[in-house]
Amino acid sequence: MKVFKFGGASVKDAEGVKNLAKVLREVGHDNTLVVVSAMGKTTNAMEAVVNAYFDKVEIAYSIREVVKFHNTILLQLFANDKHPIFTKVKTLFDEVQGFLVWNKSPNYNFVYDQVVGYGELVSTTIISAYLNESGLKNNWLDVRELIKTDNSYRDTTVDWVKTQNNVSKIVDRTILNITQGFLGSDNNNFTTTLGREGSDYTAAILAYCLNASSVTIWKDVPGVLNADPRYFKETQLLNNISYREAIELAFYGASVIHPKTLQPLQGKEIPLHVKSFLNPKNEGTTVGRGVGIEPEVPCFIVKKNQVLMKLSSLDFSFIVEDSISELFKMFHEYKMKVDLIQSSAISFSVCVDNKFGRLEELLNNLKSRFKVNYQENVSLYTIRHFNTEAIESLLNGHEVLLEQRGKETVQFVIK
């Protein structure tokens with residue numbers, strides 16, 4: 001069985017949905033499980049609904065805009081506005097509003113998962129109906145009945161034993177299946193999410209449990225590039241990457257592959273293909289067993305909006321194991337992803353991602369134990385397989401706040 005994953009950019013409008021059907025026809029869809037994200041920027045729009053709810057402002061407008069976006073797509077896909085799909089989609093959005101009426105939980109992360117997850121439920125409901133209308137008969141699956149997790153909302157951990165059991169019982173391997181990325185459910189059947197960009201991880205989880213022959217991630221780029229074209233003018237396609245190299249690139253922040261995606265695939269040596277949904281017959285990039293990358297060129301990775309902190313002991317004592325252990329415990333508590341560390345005898349520098357917005361809480365705690373200097377909105381650049389020319393082209397007059405080099409990797413924190 002094959003697993004395909006289509007992201008939000010691939011189904012951002014009616015033409016994207018039609019193209020998804022075209023891709024399935026061109027490359028084949030027998031014994032295939034298709035994982036689909038929310039349409040376009042729907043996740044951002046659903047986040048706006050959650051924020052309006054907690055800010056105690058009128059949420060009707062926010063929801064109405066999301067409904068309008070999807071209705072526009074429906075009207076372009078289905079000639080008859082009396083088609084049952086219109087009622088199905090309306091029911092899903094009614095469920096969102098119903099939840100926000102009866103919810104009593106003040107937990108932002110819990111509410112986030114219950115609301116934002118409807119983006120994927122709506123997108124797959126529409127796509128499944130369109131494929132059926134187009135002659136591509138398929139089975140719609142609720143991924144929350146497949147992937148079981150703990151209740152660490154917004155960044156949950158998979159229960160592999162329960163998930164494997166569910167997948168083995170529920171998924172029909174003989175037909176085309178459509179399901180959602182990003183989502184799971186806890187033991188109380190509340191919706192959980194796997195973290196932003198978690199749809200890639202969903203595809204890997206399901207592939208692992210199905211012993212799939214391959215996973216293909218369909219993107220709006222020709223494959224894995226040596227740099228993000230949003231930030232770098234000249235990029236080059238990587239034809240082949242080993243699991244190890246891909247994990248390194250993902251760890252440092254390469255955006256094409258989700259950091260968690262590769263571990264389950266490597267465990268069963270399931271090849272991962274990254275291909276263009278605009279040119280589905282092109283080879284793209286294959287991630288699998290092997291050595292290094294081909295071609296071997298410098299790979300540039302950038303993380304924007306980072307926070308650089310320099311922590312010093314208040315009494316000029318050494319920062320040693322106990323201090324470092326205490327620091328990492330706090331980073332974990334305040335959900336700060338550590339992207340770079342550098343230490344000396346009496347100071348400790350760290351570059352972190354404040355994705356959960358808890359920097360102020362962390363700083364208040366740190367200042368009681370350390371002297372703290374910090375700078376927000378810095379960028380962390382990483383070059384894998386660097387050379388002098390690559391470094392010079394990157395720096396080009398920028399102010400470097402911190403530098404760290406290894407044998408294969410160099411990192412710069414730039415103002």
Side-chain angles (χ1 to χ4, degrees), residues 1-7 11 20-21 24 28-38 84-85 88-89 91-92 95 113-114 116-153 156-195 198-218 258 260-261 263-265 267-268 270 272:
M1 193 169 196
K2 301 175 295 185
V3 176
F4 288 170
K5 181 264 175 174
F6 289 87
V11 290
L20 184 153
L24 292 178
H29 53 80
D30 293 336
N31 306 326
T32 301
L33 173 62
V34 178
V35 175
V36 188
S37 301
I85 186 61
K88 287 184 179 180
V89 170
T91 298
L92 289 171
E95 288 178 10
D113 280 7
Q114 309 320 302
V116 171
Y118 274 90
E120 279 72 17
L121 294 170
V122 171
S123 73
T124 53
T125 298
I126 293 172
I127 291 165
S128 176
Y130 177 76
L131 293 178
N132 278 323
E133 287 281 305
S134 305
L136 294 173
K137 300 302 178 184
N138 66 90
N139 181 37
W140 184 91
L141 296 172
D142 188 336
V143 78
R144 297 172 298 179
E145 296 179 4
L146 300 175
I147 297 178
K148 302 301 291 187
T149 72
D150 66 8
N151 61 358
S152 302
Y153 300 107
T156 193
T157 299
V158 175
D159 184 324
W160 287 93
V161 174
K162 290 181 180 178
T163 300
Q164 177 68 76
N165 185 54
N166 291 343
V167 170
S168 299
K169 286 181 178 179
I170 297 172
V171 177
D172 184 345
R173 297 168 181 266
T174 66
I175 60 175
L176 174 63
N177 295 277
I178 308 293
T179 196
Q180 308 78 39
F182 187 46
L183 309 181
S185 68
D186 64 17
N187 288 334
N188 292 314
N189 292 322
F190 286 114
T191 303
T192 57
T193 61
L194 302 173
S199 293
D200 290 1
Y201 187 34
T202 303
I205 293 167
L206 297 175
Y208 181 92
C209 294
L210 290 164
N211 291 312
S213 59
S214 66
V215 174
T216 302
I217 297 176
W218 297 96
H258 189 278
K260 293 181 180 177
T261 300
Q263 284 96 341
L265 299 181
K268 291 190 176 179
I270 299 170
L272 170 67

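Thr193 and Asp113 share a donor-acceptor pair across their side chains, judged by distance under 3.5 Å alone. Looking only at atom types and distance, the side chain of Ser168 has a donor-acceptor partner in the side chain of Gln164 under 3.5 Å away. In this structure, a donor-acceptor pair under 3.5 Å is absent between the side chains of Thr216 and Lys5. Between the side chains of Asn165 and Lys148, no donor N or O sits under 3.5 Å from an acceptor N or O.
Among Thr149, Thr192, Val143, the single residue meeting the side chain to side chain contact (heavy atoms under 4.5 Å, CB included) criterion with Leu183 is Val143. Evaluated for a side chain to side chain contact (heavy atoms under 4.5 Å, CB included) with Ser128, the options Ile126, Leu131, Asn132 yield exactly one hit, Asn132.
Between Asn151 and Tyr153 the shortest side-chain heavy-atom distance falls below 4.5 Å. Using a 4.5 Å heavy-atom threshold, the side chains of Val34 and Thr124 count as separate.
Among pairs with a residue in residues 119-144, those fulfilling salt bridge (Lys or Arg N to Asp or Glu O under 4.0 Å) read Asp142-Arg144, at least two apart in sequence or across chains.
In this structure, CG on Leu136 lies 7.0 Å from CG on Leu176, to the nearest 0.5 angstrom. For the atom pair CG (Leu272) and CG (Asp200), the distance works out to 8.0 Å, reported to the nearest 0.5 Å. Between the OG atom in Ser152 and the CG atom in Leu194 there is a gap of 11.5 Å [rounded to 0.5 Å].
The shortest non-hydrogen separation linking Cys209 to Thr163 is SG-CG2, 4.0 Å. Closest heavy-atom contact between Glu95 and Tyr118: OE1-OH, 2.7 Å. Taking each heavy atom of Arg173 and Leu210 in turn, the nearest pair found is NH1-O, 2.8 Å. Taking each heavy atom of Val215 and Ala207 in turn, the nearest pair found is CG2-CB, 3.3 Å.
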